[in-house]
Amino acid sequence: MSERRLETPASRRRGTVDSEQLELRRVGRRRLWRLLGATAAVAVVAGLVAVAYFSPLMSVREVTVSGSGTVPTAEVLAVAEVPVGRPLLQVDTSIIAERIARIPGIASARVDRSYPSTIAIDVVERRPLMLIESADGKVGVMDDLGVVYLEFDSAEAMGTAAAGTAVYRDLPVLEVSRPGPQDPTTVAAVKMVSGLPDWLRRQVQSVSASSPADLTLHLTKDRTVVWGNAERGEDKAEALKHVLKLPAKTFNVSSPDYPAVS
């Protein structure tokens, strides 16, 4: 007769406990391997960062400049003072960009690392738009943001200085009480002049305004154009193109649908 072992409640509990312990051990081992894997990955990344930060293999060997036209590339490089031979990660790109932005003809600069060994400089040049004449005879060059970024002691001292094809002395003079990028009247004048077609801009000798709604153009041949505000620039230029042929000295296109001459 075979002997049959009966399963008691106590033995069932022991079996359950053993299974739970085995599962806990398996979970513990998996967590341990994951921790070890994560630690190894962190160590590898840290090693790579250390290599990049200190290794001469990723040092600056080339500096490129894009966006420069009127400002010589040699001037940008000289002002940038990029430390050739220094590891890329040790190069402070923000300080380099700040130095370049101090060049009068540069509006902004961006400096990036390009691995394995290049510092890339991208500049945005200022666009000369008008002149500002001060009471002491000095002449400033204003860009299309309303910023006076360059100054000459006199009109004679300016000579034939230019930014590309834009000869400074040929730019129109802006006559406002408080020229600058924060002045609403200056902002309106800048917007107007920036939007003028080439055929008209070439004839503008000066721009005067007492408010943003009181823009006036002074053209060659002693002609005056009452422009009004800076809105509807294309319509006003088109209206002026037709009435400018008339024998008159003053042309009012502040309401381009109904231009007037006198």
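We use all heavy atoms of the structure for the numbers below, so side chains are in, but hydrogens, waters and symmetry mates are not. Keep in mind the model is a prediction, meaning the values are calculated, not measured.
Arg110 places no side-chain N or O within 3.5 Å of a backbone atom of Asp122 that could act as its donor or acceptor partner. With Arg201 contributing its side chain and Ser194 its backbone, the two residues share a donor-acceptor pair below 3.5 Å. Under the 3.5 Å distance criterion, the side-chain polar atoms of Arg126 are matched with a main-chain donor or acceptor of Pro104. Without hydrogens or angle criteria, Asp153 side chain to Ala157 main chain gives no donor-acceptor distance under 3.5 Å. Ser59 places a side-chain N or O within donor-acceptor distance of the main-chain N or O of Gly85, the cut-off being under 3.5 Å. Listed for the Glu125 side chain is a donor-acceptor partner under 3.5 Å among the backbone atoms of Val71.
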> Val193 and Val204: side chain to side chain contact (heavy atoms under 4.5 Å, CB included), yes or no, with the steps?
Replying inline: CA-CA 9 Å; Val193 175; Val204 179; 5.9 Å; no

> Could you go step by step and tell me if Thr73 and Ser68 meet the side chain to side chain donor-acceptor pair (under 3.5 Å) rule?
Replying inline: CA-CA 6 Å; Thr73 298; Ser68 63; 3.2 Å; yes

>> Walk me through whether Val225 and Thr216 qualify under side chain to side chain contact (heavy atoms under 4.5 Å, CB included).
In response: CA-CA 6 Å; Val225 179; Thr216 300; 5.9 Å; no

> So Ser154 and Lys138, side chain to side chain contact (heavy atoms under 4.5 Å, CB included) or not? Walk me through it.
Replying inline: CA-CA 5 Å; Ser154 65; Lys138 292 183 178 181; over 6 Å; no

>> If you apply the rule side chain to side chain contact (heavy atoms under 4.5 Å, CB included), what do you find for Tyr115 with Leu89, and how did you get there?
In response: CA-CA 10 Å; Tyr115 292 94; Leu89 284 179; 3.1 Å; yes

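Placement of Met130 and Phe152 in two distinct hydrophobic clusters is found when ILVMFWY residues are connected by side-chain heavy-atom separations under 4.5 Å, directly or transitively. Hydrophobic clustering keeps Val123 apart from Leu145 (ILVMFWY residues linked when any side-chain heavy atoms are closer than 4.5 Å, directly or through intermediates). Under a hydrophobic-cluster definition in which Ile, Leu, Val, Met, Phe, Trp and Tyr are linked whenever side-chain heavy atoms come within less than 4.5 Å, directly or via other members, Val91 and Ile100 are assigned to the same cluster. Val111 and Val82 fall within the same hydrophobic cluster, where Ile, Leu, Val, Met, Phe, Trp and Tyr residues are linked whenever their side-chain heavy atoms come under 4.5 Å apart, directly or through other members. Follow the hydrophobic side-chain contacts under 4.5 Å out from Met158 and you reach Val173 in the same cluster.
Atoms OG1 and CE, on Thr118 and Met58 in that order, are 12.0 Å from each other to the nearest 0.5 Å. With values rounded to the nearest 0.5 angstrom, Ile96 atom CD1 is found 5.5 Å from Arg99 atom CZ. Note that NZ of Lys249 is 8.0 Å distant from CZ of Arg223, once rounded to the nearest 0.5 Å. Taken from OG in Ser208 to CG in Leu217, the straight-line distance is 8.5 Å, to the nearest 0.5 Å. To the nearest 0.5 angstrom, Asn229 atom CG is 10.5 Å from Met192 atom CE. Rounding to the nearest 0.5 Å places CG of Leu174 at 5.5 Å from CE of Met142.
Taking each heavy atom of Ala237 and Trp199 in turn, the nearest pair found is O-CZ2, 3.5 Å. In plain terms, the two heavy atoms of Ala230 and Leu215 that are nearest each other are N-CD1, 3.8 Å. Ala239 approaches Pro256 most closely through the heavy-atom pair CB-O, 3.6 Å. Shown here for Pro83 and Val60, the closest heavy-atom pair between the two residues is O-CB, 3.9 Å. Heavy atoms only, all atoms of each residue included: Pro212 and Thr185 are closest at CD-OG1, 3.5 Å. Scanning both residues, Arg178 and Thr186, for their nearest heavy atoms gives O-OG1, 3.6 Å.
Leu131 has its side chain within reach of Val141: a pair of non-hydrogen atoms, C-beta onward, lies under 4.5 Å apart. With contacts defined as side-chain heavy-atom distances shorter than 4.5 Å, the pair Thr93/Asp112 does not qualify. With contacts defined as side-chain heavy-atom distances shorter than 4.5 Å, the pair Thr224/Phe251 does not qualify. With a 4.5 Å cut-off on side-chain heavy atoms, Thr160 and Arg169 count as touching. You'll find the side chain of Leu219 reaches within 4.5 Å of the side chain of Leu200, heavy atoms only. In this structure, Pro259 and Asn252 have side chains that are not in contact, with every pair of non-hydrogen atoms separated by 4.5 Å or more. Trp227 places a side-chain heavy atom less than 4.5 Å from the side chain of Leu196. Under the 4.5 Å side-chain criterion, counting only non-hydrogen atoms from C-beta, Val76 is in contact with Ile121.
Heavy-atom neighbours of Asp222 CG from other residues, nucleotides or ligands within 6.0 Å: at or below the threshold of 12. Around CD of Glu151, the count of heavy atoms belonging to other residues, nucleotides or ligands within 6.0 Å exceeds 12.
Using a cutoff of 4.0 Å between basic side-chain nitrogens and carboxylate oxygens, Arg232 and Asp257 are scored as salt-bridged. Between Lys191 and Glu231 a salt bridge is recorded (basic side-chain N to carboxylate O distance below 4.0 Å).
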